[in-house]
Engineer: 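Take a look at the following structure, please.
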Amino acid sequence: MAVAKRKSGSITAEKPQKKVKAAKESKAAAAPVSNKKTIFGKVLEGEEDDDEDEGELEAEPIRDDDEDNGMDIDGAAGAQNVPQKNKIPTKEANAQKKALREERRSHKPNSELIVPAKKLWEKLRLKELPKEERQQVMKEMMALITGKVQDIIFKHDMSRIIQSCLKHGNEVQRNVIAGELVGHYLTLSKSMYGRFIVIKILHYCSKYREAVIKEFYGKVRQLIKHKEASAIIEDAYSTYASSAQRAALIQEFYGPEFRLFKVEDKKTLGEILEQNPIKKDNIMKHLMETLKGCMEKGTVAFSIVHRGLLEYFEHADAKGIQEMLDMMKEQAVEILHTKEGAQVAMLCLLHASPKDRKAMLKTMKPFVVKICKEEYGHMVMLRMFDVVDDTVLMSKAILSEIIKEMEDIAKDKFGRRVILYLLAGRSPKYISPMNIELLAKGDLVRANTSKKDAAIRSAELLGYISPALISLIATKPRSLTTEPLACQVLLETMLHATGDKSPAVHALLDLAAADPAQSTSDAPHVLLSMPTDRLYKTLVQSDYKAPLAEPSLHFGKALLMKMSPYIGFYVQKNHSAFIILALLENPESAKETRELLSKSSSSKGSITVQKEMEKMIKAKPEKEVMAVRLILETLAK
DNA sequence: ACCGCCTTAAGTAC
DNA sequence: GTACTTAAGGCGGTGC
């Protein structure tokens with residue numbers, strides 16, 4: 001499992017950004033799977049699960065050719081996992097083999113340590129071991145291994161014993177082990193079995209974290225390309241390093257002179273370049289080479305590489321950017337799971353030629369829906385909408401995918417922003433100021449790399465997506481109105497979508513026409529529940545004031561007709577008063593609304609709706625009847 | 001433009 | 001390490 005998690009070449013690979021500390025959530029969770037944060041429904045955390053010794057076992061490739069690793073005391077697990085050799089096992093052969101094994105073992109150094117340690121380990125790794133007993137086992141184990149830790153860690157079986165000690169030992173015992181390994185962390189990280197120990201020490205021994213990371217200094221470029229060690233560098237960088245340590249690690253991408261002499265207070269490449277403008281060419285060259293190596297070694301999914309890439313793009317000249325672009329355009333889809341990676345992908349789209357953009361779109365097509373729903377990935381979609389001139393291509397490659405899952409995306413925290421962007425552009429209502437700025441920064445470059453007028457481009461995209469949005473509202477209005485977030489998409493569609501919106505209007509009016517007395521908490525009436533009555537009010541207002549719907553929906557008059565049978569109910573319950581107010585202000589419905597309010601409020605009583613309101617305004621606290629007061633003031637005019 | 005809630009990061013105590 | 005506290009930032013809600 002752990003080995004598989006690093007598979008590259010797929011967007012579904014786990015996101016390498018700072019690991020979410022999800023441990024707390026997991027504790028009480030009933031479902032055993034739930035202790036791993038997932039994205040796209042896939043496990044993100046991989047081997048971080050400390051509760052599973054088995055995870056470690058499977059994490060390591062089983063070597064069936066090495067007798068040292070014969071799991072003879074490992075019981076069933078080992079026997080199952082080690083494929084039998086082709087030889088037909090006979091009693092004699094087995095006995096012979098066993099003797100040979102014992103013979104060899106007794107010649108090994110530390111054999112007198114290994115055998116009892118394995119016995120103890122059998123106990124230690126049990127999940128349910130009484131606390132006192134576990135402490136006792138640890139004590140005996142520590143007596144065995146203290147002073148010898150660095151001699152035995154490179155052995156497959158012993159490394160697992162040490163891992164267990166780190167997991168089950170107390171703070172002092174853990175630090176003893178970590179302390180003995182000081183000076184060996186570099187070699188350990190490159191070792192097939194030792195690297196798991198480094199991960200455990202980073203995790204459990206906060207006192208030694210700095211020491212471990214410092215041993216990587218000077219070797220980052222080498223380690224990031226190493227089959228075993230790259231994952232550790234990434235883990236150290238993204239999960240355990242402080243921001244200063246992260247800067248120190250990334251500085252090694254800049255060139256040899258930064259390997260040992262860290263720039264302490266200058267943290268970003270920008271600051272370093274400002275200090276040493278002369279070195280820029282050299283630094284950029286080294287950065288480029290390092291990144292190139294990472295890409296060739298398939299470590300693009302690592303967040304440390306994303307930062308390097310972003311810094312490169314931010315400071316490279318046009319030629320340098322092109323060079324990088326050629327190298328990674330098809331891998332952009334791999335990196336957009338992290339904040340920095342998404343920014344890199346955005347920059348790639350921005351600087352790419354139409355042909356390159358087409359290639360990038362093609363790689364992203366299978367993952368469009370997933371990308372839309374990602375915290376950072378969705379911004380890449382927005383950038384794509386900004387810069388790709390060929391809107392027919394966009395429709396075929398991207399929008400068609402969105403349309404297929406429109407409902408799902410419209411309800412999604414991040415996905416809805418993608419749709420809202422097509423409808424409402426860079427509205428600060430839906431996009432944070434920071435992200436608006438990020439997009440705006442690229443517009444200067446876009447002037448050179450994109451030909452089409454921005455307004456025309458967005459109109460074309462909107463034209464393509466509008467029918468699907470309208471039909472979604474027409475066919476599933478309930479599904480959207482029950483989700484507050486989806487209401488935003490609903491509103492912006494009604495305001496900005498192009499084409500015939502009447503099917504959607506009718507669907508919304510039908511919902512409003514229901515008897516409000518039948519409203520239940522399960523299926524609340526649209527005019528009685530919070531986000532939706534606001535939506536209807538805004539739609540009534542869209543007939544006569546900003547934000548205007550174009551062309552007009554003539555919503556007010558139609559809504560009034562649906563509401564009028566229940567007007568007494570709405571007023572008595574002090575509901576939907578703001579809608580009534582809007583109807584009264586709306587020139588298309590003002591007259592009819594006035595008439596309605598002067599009629600009797602219910603079949604039995606002779607009192608008019610207006611009188612009812614006057615009574616209410618005296619009886620209730622001012623805050624609750626603000627809208628009613630405004631209605632009365634408007635009527636008095 | 002403002003406010004309150006929530007999540008996350010960082011720091012501290014046990 | 002876990003639990004707890006605090007600080008900061010983002011985001012949704014806010015109906016004259």
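Heavy atoms only: backbone and side chains are in, while hydrogens, waters and symmetry mates are out. Order of the sequence lines sets the chain letters (A, B, ...), proteins ahead of strands, with each chain counted from 1.
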Engineer: To the side chain of A:M626, which of C:dC16, C:dG13, C:dG1 is closest?
Structural biologist: C:dC16
Engineer: Tell me whether A:R209 forms a cation-pi arrangement with A:Y240, defined as NZ or CZ under 6.0 Å from the six-membered ring centre and within 45 degrees of its axis.
Structural biologist: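 No cation-pi geometry.
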Engineer: Can you tell me the distance, in whole Å, between the NZ atom of A:K131 and the P atom of C:dT2?
Structural biologist: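 Nearest whole value for this atom pair: 13 Å.
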Engineer: Kindly point out which of C:dG1, C:dG13, C:dC11 is positioned nearest to the side chain of A:S432?
Structural biologist: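 Within the option list, the nearest is C:dC11.
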Engineer: Considering every strand and a 4.0 Å limit on heavy-atom distances, what is the contact class for A:M530: base, sugar-phosphate, or nothing?
Structural biologist: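 It contacts base atoms.
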Engineer: What is the separation between atom CG on A:L491 and atom C1' on C:dG13, rounded to the nearest whole Å?
Structural biologist: 15 Å
Engineer: Using atom CE of A:M434 as one end and atom P of C:dG10 as the other, report the distance to the nearest whole Å.
Structural biologist: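 It works out to 6 Å between those atoms.
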Engineer: Is the shortest side-chain heavy-atom distance between A:D543 and A:K557 below 4.5 Å?
Structural biologist: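 Sidechains of A:K557 and A:D543: no contact.
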Engineer: Measure from the side chain of A:R416, starting at C-beta and using heavy atoms only, and say which of C:dT14, C:dC16, C:dG12 lies closest.
Structural biologist: C:dG12
Engineer: If I take atom NZ in residue A:K537 and atom C1' in nucleotide C:dG15, what distance separates them, rounded to the nearest angstrom?
Structural biologist: 4 Å
Engineer: Would you please name every residue forming a ring pair (Phe, Tyr, Trp, His ring centres under 6.0 Å) with A:F216, sequence neighbours left out?
Structural biologist: none
Engineer: Please report the distance, rounded to the nearest Å, between OH in A:Y240 and P in B:dA9.
Structural biologist: 14 Å
Engineer: A cation-pi test, strictly: NZ or CZ of A:R174 under 6.0 Å from the centre of the six-membered ring of A:Y204 and no more than 45 degrees from its axis. Yes or no?
Structural biologist: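 Yes, A:R174 sits over the ring of A:Y204.
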Engineer: Listing request: all salt bridge (Lys or Arg N to Asp or Glu O under 4.0 Å) pairs with a residue in residues 422-440 of chain A, at least two apart in sequence or in separate chains.
Structural biologist: A:D386-A:R426, A:R426-A:D443, A:K429-A:E492
Engineer: Within the structure shown, what part of the strands sits under 4.0 Å from A:R417 by heavy-atom distance: base, sugar-phosphate, or nothing?
Structural biologist: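 Sugar-phosphate contact only.
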Engineer: Which whole-number value in Å describes the distance from A:K429 NZ to C:dG15 P?
Structural biologist: 15 Å
Engineer: Contact class for A:N170 (heavy atom, under 4.0 Å): base, sugar-phosphate, or nothing?
Structural biologist: nothing
Engineer: Measure from CD on A:E622 to C1' on C:dC16 and round the result to the nearest Å.
Structural biologist: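 So the two atoms are 12 Å apart, to the nearest Å.
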Engineer: What's the closest nucleotide to the side chain of A:L630 if the choices are C:dG15, C:dC16, C:dG1?
Structural biologist: C:dC16
Engineer: Figure out the CD/P separation between A:E437 and C:dG10, and round it to whole Å.
Structural biologist: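 Computing the A:E437:CD to C:dG10:P distance gives 12 Å.
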Engineer: Which listed nucleotide (C:dG12, C:dG15, C:dG1) is nearest to the side chain of A:D533?
Structural biologist: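 Shortest atom-to-atom distance from the side chain points to C:dG15.
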